[in-house]
**Q** 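This is the structure, below, for whatever I ask next.
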Amino acid sequence: MTGKAILAIDEGTTNSKAVLVSHAGDIIASASAPVPISHPKSGWVEQDAEAIWQATATAIAECLKKAPETEIVALGISNQRESILIWDRNTGRPLGPVISWQCRRTADACRALREAGHEADVIARTGLPLDPMFSATKVAWLLDNHGRAARDICIGTVDSWLIWKLSGGSVHATDRANAARTQLFNLAEGCWDDDLCRLFGVDPEMLPSVFDSAHIFAATKDAGVLPDGLPIASAIGDSHAALFSHAAFATGDGKMTFGTGSSVMTTLADYIVPPDGITTTIAWSIAGRPTFAFEGNILVSASIFPWTAELLGLESVEALLVLAETVEDTGGVALVPAHVGLGSPHWDADARGLVCGLSFASRPAHIARAAAESLAFQVRDVYAIMAEAAGHAGRISVDGGPSRNRFLMQLVADYLDRPVTPCRNAEASAIGAAHLAGLAVGFWPDLEALSALARREPEIAPSMPADRRDRSIGEWTKAIARTTFAV
Ligand SMILES: O=P(O)(O)OC[C@H](O)CO
């Protein structure tokens, strides 16, 4: 199969990337182009739909230039989730901005719906709380401010927009994983929810058709940067795509991505209404069968390290982590990185960070270690709730920059009391989209073949004695409770 490849698009919040993936699972070429983002008012975050398309087209053109001999057998799309736009079905012109997943403009609308008693029902149907991150209230805002007659409007997540542009405006479609993040999709029934559409003022006629994540949505047409006739063979949200790239195919398999924040996802056997502080979503859908997953997002993870390093007068994060390793434990010190509030599972916007448990024996190394341990404690808190609610646990893959640090990942394994497996798929989201597209067109035959492509390192087993682990978790739990004292 030399010379053949899948072209994966990974359209993220800040960049659009194009990646050519060979049959052996290697990246043949890649390119990226920045996507502008604007903040017209405090808490508002917008992007321009045409700029997203232009950045994607530029990334594709640059990528193909690097490997002109490659034969593209299919396209796959992974994308930033929840961000939403509407466009005119007749002209293809966007109506208003893309409202970003980060945008908080509908916070009041969410509060009003909560106060009117809708939240429990919305969570039961969609797995998602009433929060401005999700698309439904943003759609209502767009329709109020830029709406037209229902028959003239297409509503779409970013994958849907790219499928529209790549197919010359002939196909309005999305996959179940992206649909699951809109808060308009009934997870248990697997279709747009008429009652929720009514609640959010959406005519179902405006919504895209929903298919599997591995599915031939359309053939390319008049896309400019690509020849006509290439199958657009996957669409999936970026976190879900990364989980797929790790071959998390057994029930209970999950991933922890460490970066500015952390995200934890674990697959489920079936739809479960999420416990407090967690969401349920569709991870992907293949051959008509959705795989469900729990998800929890932590707001501040590795981004606490530069702050702590500066506080301690250290020159780098590396120096901080080296110092942290010089002590056996934190000496009772806990650091809770609630600097912008707490995310999953606590969701307390008013909480603030703290360092507590200080004594005259506390040294900078104890504070450094407390910062390092906070990364592990936070994912442990989310994972413990997920494992208990799901009743099963599987292999945990870890990715993102901090997953390369053995000391940090040993702490994660120790506090989870489970092994973790570092995964080294560069461009995990793009690879996941490529794998799904390859599955749809028979480039790879089955999940077993994809599993063989996952780049796993040897797992890291827990080694902390139980009494020590329990004591530290107890100190951390008390510290978390104290963060709300700051308000
Ligand atoms: O654009 P990214 O990679 O930050 O991903 C955004 C997420 O999909 C939002 O849920």
Side-chain angles (χ1 to χ4, degrees), residues 8-19 30 32-39 45-49 51-52 55-56 59 76-85 98-104 106 126-129 131-138 156-162 174-183 185 213 234-246 255-265 274 278-284 293-303 340 343-344 347 382 399-401 425-433:
I9 295 164
D10 177 18
E11 200 299 304
T13 312
T14 50
N15 283 293
S16 211
K17 291 181 196 158
V19 179
S30 67
S32 80
V35 182
I37 194 155
S38 60
H39 302 86
V45 189
E46 294 181 353
Q47 293 188 298
D48 178 79
I52 286 179
T56 304
I77 299 173
S78 105
N79 57 287
Q80 53 169 314
R81 309 169 306 159
E82 298 107 17
S83 302
I84 196 94
L85 70 150
V98 178
I99 305 190
S100 167
W101 59 277
Q102 300 166 317
C103 186
R104 309 300 292 174
T106 58
T126 66
L128 307 171
D131 186 275
M133 176 169 167
F134 305 109
S135 319
T137 52
K138 300 179 201 288
T157 40
V158 170
D159 58 311
S160 193
W161 172 241
L162 294 179
T174 189
D175 88 302
R176 291 192 177 85
N178 272 296
R181 307 300 293 178
T182 61
Q183 204 153 51
F185 197 72
S213 316
S234 75
I236 184 166
D238 49 13
S239 288
H240 313 218
L243 182 65
F244 193 80
S245 80
H246 297 331
K255 78 157 172 75
M256 297 179 176
T257 300
F258 298 98
T260 303
S262 293
S263 94
V264 182
M265 281 181 99
I278 306 290
T279 62
T280 306
T281 195
I282 293 175
W284 50 77
F294 280 147
E295 177 169 1
N297 294 94
I298 291 151
L299 304 180
V300 178
S301 181
S303 50
V340 293
S344 184
W347 289 114
V382 172
D399 63 25
N425 296 325
E427 305 296 358
S429 297
I431 297 274

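None of the values given here were measured: they were computed from a predicted structure. All ligand and atom numbering here is 1-based and tracks the order in the structure. Below, all heavy atoms of this structure are taken into account, side chains as well, without hydrogens, waters or symmetry copies.
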**Q** Can you pull the residues with any heavy atom under 4.0 Å from ligand 1?
**A**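 Answer by chain and number: Gly12, Thr13, Gln80, Arg81, Glu82, Trp101, Met133, Asp238.
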
**Q** Where do Asp238 and Asn79 land on the side chain to side chain donor-acceptor pair (under 3.5 Å) test, with the steps shown first?
**A** CA-CA 5 Å; Asp238 49 13; Asn79 57 287; over 6 Å; no

**Q** Are any of the side-chain nitrogens in Lys138 or Glu46 under 4.0 Å away from the carboxylate oxygens of its partner?
**A**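 Salt bridge flag = no for Glu46 with Lys138.
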
**Q** For Thr56 and Lys17, does a side-chain donor sit closer than 3.5 Å to a side-chain acceptor?
**A**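 No, no side-chain donor-acceptor pair sits under 3.5 Å.
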
**Q** Under 3.5 Å, is there a donor on one side chain and an acceptor on the other for Gln102 and Glu82?
**A**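 Not at all, the side chains of Gln102 and Glu82 share no donor-acceptor pair under 3.5 Å.
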
**Q** Could you tell me whether the side chain of Ser234 and the main chain of Ala433 form a donor-acceptor pair under 3.5 Å?
**A**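 Yes, the answer is positive, given that a donor and an acceptor are paired below the 3.5 Å cut-off.
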
**Q** Any salt bridge linking Glu295 with Arg81? Criterion: basic side-chain nitrogen under 4.0 Å from a carboxylate oxygen.
**A**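 Salt bridge present between Glu295 and Arg81.
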
